[in-house]
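Some notes on the structure that comes next.
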Amino acid sequence: MEAILVLLGLVVLAVPIAVVYLLVSQSGLRARVVQLERKIAQLADTQGTSSKIAPDVAVQSALPRVKPQATTPDAAPEAAKAPKPQPVTARTTPAQETIIKEPTGPSRVTLVIAWAAANWFYVVSALSLALAGLFLVQYGVENGLLPPAARVLAAMGFGGALIGAGEWIRRRYGDGPETATAYLPSVFSGAGLVSLFGGVVAARLLYDLIGVEAAFVGMAAVGLLGVVLGWMHGPLLTAVGVIGAFVAPMLVGSSVPATNWLYLYFAIVTAVGLGVDTLRRWGWVSVLSVALGFLMGWLTVLGSSMELLLGFMGYAGALAILAIVVPARSVLPDHNGVLISGWALNAAGPRPAFPTVLAGSAVAAAVAALVFAAPNWIEMFWPSVVLLALLAVLLIVWSTSGPALQDAAALPILGAVAVVVIEGIERGGVMRDFAATYSENIEAAFPTQVTILWAIGLGLSLLAAGRAMRPGLGLVWALGAALIAPAMAIALEVTWQPALVIGAYPWALHAMAMAVVMVGLAVRFARIDGANKTRMSLFVLSALASISFAMVLVLSLSALTVALAVTVLAAALLDRRFDLPLMQIVVVVGVVAVGARLIADPGLKWALVAPVWEILLAYGGALAAFVASLWALQGKQRTTAQVMLDTGAWSTGGTLISVLLFRLLENVTGADNNATHWAMGLYATIWLGLMMAQLLRLQSLTGVLSLVRALLAVVFGFTGLGALLLGLTVLSPLMTDWGGDVAGPALLNTLLVAYLLPAGVLALGAWRLRTRLLLLGFFGVSVALAAVWGFAALRHMWQGAAGMTLDHGFLQPELYSYTVALLVVGAGLFYQSLARASTVLRRAGLVVIGLAVAKVFLIDISDLEGLTRVLSLVVLGLSLAALAWLNRWAQTRYDDT
């Protein structure tokens with residue numbers, strides 16, 4: 001077995017030696033090829049026969065560009081007298097010239113793969129030498145040949161020898177692409193750097209020979225040496241050094257558990273790679289360094305106990321900061337150009353600069369790491385939130401000098417809110433401690449967890465507002481400032497529910513304090529922006545939302561509804577006074593919120609049992625606020641807000657009337673308010689009114705909002721028609737006695753509420769709708785309901801409440817009254833047709849008269865007796881004669897016009 005290991009060691013050592021031998025042996029041949037290329041170029045220049053011997057454009061672009069030179073001083077005058085050859089580009093087309101001037105070469109990844117495929121032996125050589133230094137330490141450990149100090153010195157001595165060999169080759173033979181020793185200095189020096197890094201790591205983590213300070217100084221010194229060597233040798237050395245340095249701790253073979261100092265080592269290696277890039281502008285070196293830095297950090301924390309989480313969090317934040325400041329060579333970044341978010345929204349536009357992409361990617365990776373670490377232990381929550389807040393503060397401040405970093409500041413802010421939400425949803429340790437503050441000791445000190453988180457959100461809002469006053473995306477920063485603090489408060493309210501612990505009033509004070517700050521910012525931006533009130537409007541919106549949030553916490557059900565409606569009115573008045581178009585948002589959202597409270601929560605269920613004065617306060621207050629808001633917006637182009645207020649006022653007024661009638665009839669009849677014909681009529685009136693409100697709003701909306709309105713209209717409509725169908729069938733006094741007796745005098749009784757009230761809602765809605773199909777449908781249903789009411793009202797006059805069901809039969813005067821009613825309705829339609837010059841009404845009158853005729857001949861002749869039958873026929877005949885004359889006269893009049 002030992003012989004095999006020795007053989008493998010010889011093979012590993014032989015690989016770089018063989019590579020060196022092959023390169024040296026081929027150096028003479030390569031020099032001869034270069035001389036031949038130069039002679040060909042000289043012949044082409046002196047003879048002027050480029051058309052015969054000049055290669056093709058593509059071939060010429062592949063050959064080395066060697067400037068023709070005269071071999072002797074005497075040849076120079078001859079060359080000057082010789083005719084100048086026509087350049088190759090003169091024989092190409094404009095398209096070819098464009099291709100030559102602006103080549104579209106392969107991508108960077110393709111170039112790297114092609115270089116590695118052609119020069120793989122350099123990579124193998126570098127890896128072999130780097131592993132040799134690391135395995136030298138491991139061999140000494142396994143066999144106990146040398147004391148720990150000697151092992152470390154051997155590894156570092158081996159590394160120093162490799163670096164010295166590389167420098168000697170570079171100075172003696174050079175390292176340019178045209179030399180025989182190309183890349184060899186980088187190979188030796190890179191392997192030496194890996195060996196030096198491994199020696200320092202072993203001295204600290206494996207043998208504990210040096211302290212933390214000495215280890216830090218040693219790694220920094222090796223890193224500085226790597227920057228210097230990378231500057232002189234090229235990117236291959238940097239790549240070898242960076243990769244080897246990251247892999248070194250895993251190859252040392254230590255049985256000691258990982259410590260947080262390993263993160264310091266990885267951070268220094270990452271800084272080395274970024275430092276080389278900032279000097280030589282090799283962007284892929286930075287990508288490699290940052291990517292490996294995060295990868296090794298994740299592998300370290302996942303491969304060990306969670307005790308390393310705190311160090312990992314600080315390490316992730318440090319990498320993000322390094323990725324920003326090192327390429328900029330300054331504490332204040334200078335990132336300019338296109339934002340990452342701007343390019344994401346317009347992929348066809350210009351791309352952001354490489355430093356911007358690197359910084360944004362590093363910030364995103366750091367935020368992901370901090371959000372991941374927070375929920376694991378209770379000790380990790382606050383460090384995660386604080387680090388995210390500090391990273392957000394740095395990015396907000398840095399975005400002034402580096403405007404391309406403006407959108408990156410949103411990532412740590414969103415991360416902080418996400419940590420708060422996750423803590424609340426998963427009931428983490430901090431949240432449990434907060435919830436249990438007063439469970440065992442009611443005199444415990446006031447818990448400050450929520451207040452601190454709220455203050456962090458408010459502080460970030462203030463900082464974003466300050467950034468909005470500087471050059472850049474001022475409107476976006478103002479929007480962020482208006483949203484950050486409310487977003488944090490909403491996250492706490494939804495997932496932590498602070499009011500259950502500290503009480504509704506103290507939590508509402510937080511919201512009111514936030515509203516005061518937003519009002520102050522609104523005043524400040526009003527002075528800065530002058531006539532442009534957009535940014536001021538954002539803070540006004542935030543203040544109104546904060547006030548509404550506080551009112552939700554402390555006010556009663558009816559008072560809260562009125563408060564929200566007053567907020568709508570305040571937004572309309574602010575728009576009227578200061579011309580703030582964005583107040584439409586408050587109006588629209590407020591109308592929806594008030595409507596939801598009036599119908600759903602607490603809604604109609606509350607209205608059926610609440611005191612009447614509270615009903616008047618809630619519904620009447622909302623109606624008054626909507627009407628006043630409509631007045632405030634008169635003369636302004638606020639179509640959406642005006643439509644919402646108009647339909648909200650109509651639906652609220654109709655609902656208020658329906659609820660008051662419901663309560664009145666309940667008190668008068670004493671019946672079950674859920675199983676009567678008039679209850680179904682009121683339900684139908686409310687839900688059909690809501691359907692009409694949605695349809696009216698739908699007429700001025702487009703997009704997704706219109707689809708939502710349409711779905712709501714369908715749901716409300718089916719609910720109302722369902723209640724109406726119950727009132728016409730199983731609960732109808734004409735069909736059964738299950739729906740309660742008709743209460744009240746003739747024509748002014750519960751039948752009016754059951755049938756005529758929903759008919760009026762449908763007729764009013766049909767009058768305001770512009771869609772012809774819906775108009776005809778709703779108007780038809782309205783007419784049918786009115787006919788049912790008329791029939792039921794006449795039957796109640798003759799039969800009374802006890803004889804309403806049809807199985808009681810009909811009285812002869814009752815049958816005659818139906819005929820008279822039909823004739824009166826027909827005559828009324830004829831009169832309206834004359835007054836309005838309407839052919840439709842005239843035809844409708846003819847239909848009603850036709851029904852009266854059919855009733856007389858099919859029903860009255862057989863059921864009426866004596867003089868009643870005679871009187872019915874006489875009245876019918878005279879009526880038809882008069883109406884026939886009127887119809888003829890109307891036709892003649894229409895024909896003349």
| Gly739 backbone acceptor or donor facing His677 side chain under 3.5 Å | yes

| Do Val540 and Leu544 come close enough that some side-chain heavy atom pair is under 4.5 Å? | yes

| task | Can you measure from OG1 (Thr729) to CH2 (Trp738) and round to the nearest 0.5 angstrom? | result | 9.5 Å

| field | Geometric cation-pi criterion Arg576 and Trp631, 6.0 Å radius, 45° cone | value | yes

| remark: Looking only at heavy atoms, the pair that brings Val554 and Ala508 closest together is CG1-CB, 3.6 Å

| message | I'd like to know whether the aromatic ring centres of Trp687 and Phe718 sit less than 6.0 Å apart in this structure. | response | no

| task | Would you verify whether the NZ or CZ of Arg795 falls within 45 degrees of the ring axis of Tyr818 while also being under 6.0 Å from that six-membered ring's centre? | result | no

| field | N/O donor-acceptor pair under 3.5 Å between Ser558 side chain and Ala618 backbone | value | no

| Taking every non-hydrogen atom, the tightest pair across Gln642 and Leu633 | NE2-O, 2.8 Å

| field | Whether Ser782 side chain and Phe778 backbone form a donor-acceptor pair below 3.5 Å | value | no

| Side-chain (Asp575) to main-chain (Leu580) donor-acceptor, under 3.5 angstrom | yes

| field | Contact summary for Arg638 and Asp579, nearest pair of heavy atoms | value | NH2-OD1, 3.0 Å

| Contact check, side chains of Ser537 and Met583, non-hydrogen atoms, under 4.5 Å | yes

| task | For Leu560 and Leu564, run side chain to side chain contact (heavy atoms under 4.5 Å, CB included): C-alpha distance rounded to whole Å, both residues' side-chain angles, the deciding distance at 0.1 Å, then the answer. | result | CA-CA 6 Å; Leu560 176 59; Leu564 294 177; 4.2 Å; yes

| Within-4.5 Å side-chain heavy-atom neighbours: Thr771 and Leu775 | no

| request: With rounding to the nearest 0.5 Å, note down the distance linking CG in Leu785 to OH in Tyr755. | output: 9.0 Å

| Worked verdict on Leu690 versus Ile599 for side chain to side chain contact (heavy atoms under 4.5 Å, CB included) | CA-CA 9 Å; Leu690 294 174; Ile599 302 301; 3.6 Å; yes

| pair Leu734-Met804: side-chain heavy atoms closer than 4.5 Å | yes

| message | Just so I know, are the side chains of Leu682 and Leu757 near enough to count as touching, which here means a heavy-atom distance under 4.5 Å? | response | yes

| Under 3.5 Å: donor-acceptor pair, side chain of Ser542, backbone of Leu538 | no

| field | Test side chain to side chain contact (heavy atoms under 4.5 Å, CB included) applied to Asp646 and Arg768, step by step | value | CA-CA 12 Å; Asp646 183 57; Arg768 299 196 58 188; 2.6 Å; yes

| task | Measure from the side-chain N and O atoms of Asp601 to the backbone N and O of Arg597, and report whether any donor-acceptor pair falls under 3.5 Å. | result | no

| Going by heavy atoms in the side chains, are Leu661 and Trp678 under 4.5 Å from each other? | no

| Interatomic distance, Trp606 atom CH2 to Leu598 atom CG [nearest 0.5 angstrom] | 8.5 Å

| field | Residue pair Thr495 / Val420: nearest heavy atoms and the distance that separates them | value | OG1-O, 4.0 Å

| query | Which heavy atom in Val587 sits nearest to a heavy atom in Ala572, and how many Å separate them? | reply | CG2-N, 4.4 Å

| said: Looking at Arg663 and Ala607, would you say the former's side chain and the latter's main chain have a donor-acceptor pair under 3.5 Å? | reply: yes

| task | Apply side chain to side chain contact (heavy atoms under 4.5 Å, CB included) to Met692 and Trp650, showing your working. | result | CA-CA 9 Å; Met692 287 298 177; Trp650 280 101; over 6 Å; no

| said: Does Phe779, at its CZ atom, have more than 12 non-hydrogen atoms belonging to other residues, nucleotides or ligands within less than 6.0 Å? | reply: no

| task | Hey, could you give me the OH/CD1 distance between Tyr683 and Ile686, rounded to the nearest 0.5 Å? | result | 8.0 Å

| said: For a 4.5 angstrom cut-off between non-hydrogen side-chain atoms, does Thr561 reach Leu555? | reply: no

| task | Could you grab the distance from atom CG of Leu762 to atom CG of Leu769, nearest 0.5 Å is fine? | result | 10.0 Å

| message | Which heavy atom of Ala713 sits nearest to which heavy atom of Gln694, and what is that distance? | response | CB-CB, 3.8 Å

| Can you tell me how far CD1 of Ile547 sits from CE of Met518, rounded to the nearest 0.5 angstrom? | 11.5 Å

| request: May I ask you to test the Met797-Leu794 pair for a side-chain heavy-atom distance under 4.5 Å? | output: yes

